[in-house]
Amino acid sequence: MTEAPGLEILGVSKRFHVAGGAVQALSDINLTARRGEFLALVGASGCGKSTLLRLILGLDTDYDGRILVDGQPVLRPGLDRGMVFQEHRLLPWLTVTGNVAAALRQSRLGQAEKRDLVAQHLDLVGLTRFATAYPSQLSGGMAQRVAIARALVNRPPFLLLDEPLGALDALTRLRLQDELKRIVSDGGITAVLVTHDVDEAVYLANRIAVMHPNPGRIAAILPVTDSVERDRSEPEFIRLRDTVLGLLGVREGTGRRAAADVDRRVAA
Amino acid sequence: MTTRWRIFLPWIVPVLFFLAWDLLAHFGHADPRFLPSLEQVGGRAVAEWRDEDLLGHVLASLQRAGIGFGIGGAAGLALGLVIGLAPLLQRLLGPLLLVHRQIALFAWIPLLSMWFGGGEAGKLAFISLAAFQPVLTNTWQGVANIPGKFRELAAVLTFSRIDTVRLVALPAALPSIFTGLQSALIYAWVATIGAELFLNVAPGIGGRMNEGQQLFKMDLLLLCVVLMGGIGLLLNQAATLLQARLLRWRTA
């Protein structure tokens with residue numbers, strides 16, 4: 001029995017019309033994420049990875065091709081897809097609790113259940129003590145934790161992350177990477193992470209899609225085998241990271257060797 | 001300079017001003033008929049309080065300002081919200097409201113006194129109009145300029161229209177709305193005095209000023225000016241305090 005893929009992006013192309021001309025933001029993107037898979041999209045700025053996320057969210061439905069979530073076409077945003085933006089985007093006039101609870105406005109659960117869910121998710125991100133604080137009283141890392149709790153409080157099967165840790169300092173970023181990894185794998189969540197941090201992608205993802213710009217397209221899809229074990233000092237971790245960096249054109253020499261490597265992996 | 005001293009800073013210039021006024025009245029060559037001394041004005045205040053029901057006049061003016069502020073503020077808030085949230089209405093009504101903004105407030109007095117008469121109705125119509133304008137403009141702009149990222153968030157969280165207004169649009173526009181309400185309060189106060197001065201005689205500070213002018217009571221005129229300024233300042237301070245309380249999240 002084959003389980004239907006959780007997220008299917010089928011032949012998606014997207015144009016933007018700017019100042020009389022058209023810009024091809026995405027060109028024939030084909031990508032799937034199985035249920036419970038952690039997919040990373042890496043690429044330089046302008047390669048369309050954030051645009052792709054907006055399409056999956058349903059914020060923009062003006063594109064060619066099809067995007068299916070659990071077999072259903074995406075027509076609009078839905079509570080089945082939680083979203084974490086690069087900036088925490090908390091509503092400054094609501095407390096931490098208020099911000100997380102805001103995501104439950106459209107939920108049909110009872111008040112008591114909602115309260116429990118909020119408390120549970122604040123606990124999940126370790127911010128129970130700050131339940132009554134306002135966003136302006138939080139550090140960047142704490143605010144982003146609240147945003148993660150808000151994205152998860154509906155227990156969505158899908159979690160979309162748009163460079164969620166990009167604005168944080170290095171230490172906080174490493175800590176939150178561990179938290180994200182734990183939360184996503186414990187919850188059996190299908191996650192799509194957009195990042196330009198290759199290290200982060202290798203550390204978190206089961207599969208990495210490398211994107212190239214002009215027009216935005218997928219250059220390669222690399223599986224992250226379990227043997228990499230996600231230990232940043234493992235030779236295989238470093239090799240995979242260098243491969244991805246090479247595909248992004250960061251190191252010329254390794255890039256060419258890496259490309260051959262990818263062909264073998266993709267063929268396998 | 002220590003903080004202990006800093007709290008006195010705003011008082012220095014006003015005190016010097018009144019001191020200069022008094023010195024000029026006493027020792028200068030100013031004609032006391034045109035520039036009465038502080039004592040004279042103070043004496044007039046006592047006499048007004050005792051014989052002319054000064055408090056009643058002040059309360060009459062405040063009540064007028066309050067009612068006008070209520071009517072004009074509510075209308076401005078409602079219309080501002082609706083226009084700010086409905087791009088179509090913004091297109092339709094925007095130009096007209098922009099023209100309305102260019103018309104000096106006091107230019108409405110002749111028209112309004114024809115329409116509503118010079119009595120209480122005409123006065124309240126004028127004060128309401130004065131309060132309406134700043135609330136309308138600021139509410140409209142505040143709601144229309146909600147950051148796109150918050151609109152997007154409302155879409156992602158699949159907010160209903162009501163939730164979008166209640167949880168996003170209104171609080172996001174609140175600082176701007178408050179700016180409008182605060183201006184409206186002062187506009188209403190100024191318009192109250194204007195209405196009392198230029199329309200039919202009625203109890204109120206403006207009414208006392210009319211008498212001061214007609215009977216050439218310079219001390220009464222100055223007393224009224226000081227009262228107007230003082231009460232306006234108090235209203236402004238009260239609004240600032242209220243705003244700070246209601247917008248705690250900004251400074252929390």
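Because only heavy atoms are used, hydrogens play no part in the values below, and waters and symmetry mates are left out as well, while side chains stay in. Order of the sequence lines sets the chain letters (A, B, ...), proteins ahead of strands, with each chain counted from 1.
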Checklist entry - For B/R151, is it the side chain, the backbone, both, or neither that has a heavy atom closer than 4.5 Å to a heavy atom of chain A? => result neither
Item to check | Residue A/L90 versus chain B: region with a heavy atom under 4.5 Å | outcome: backbone
Item to check | A/R150 portion near chain B, given a 4.5 angstrom heavy-atom threshold | outcome: side chain
Checklist entry - Between the side chains of B/N138 and B/T179, is a donor N or O closer than 3.5 angstrom to an acceptor N or O? => result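 There is no such pair (donor and acceptor under 3.5 Å, judged by atom type) between the side chains of B/N138 and B/T179.
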Next on the checklist: Please tell me whether B/F198 and B/F126 form a close aromatic pair, meaning their ring centres lie under 6.0 Å apart.
Outcome noted: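 No, they do not, as the ring centres are separated by 6.0 Å or more.
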Next on the checklist: What's the separation between atom OG1 in B/T139 and atom CG in B/L181, rounded to the nearest 0.5 Å?
Outcome noted: 6.5 Å
Checklist entry - In this structure, which one of A/L26, A/T61, A/V74 forms a side-chain contact (heavy atoms from CB on, under 4.5 Å) with A/L55? => result A/L26
Checklist outcome for this item: Interface check, chain B: of A/R54, A/M83, A/R89, most non-hydrogen pairs under 4.5 Å belong to A/R89
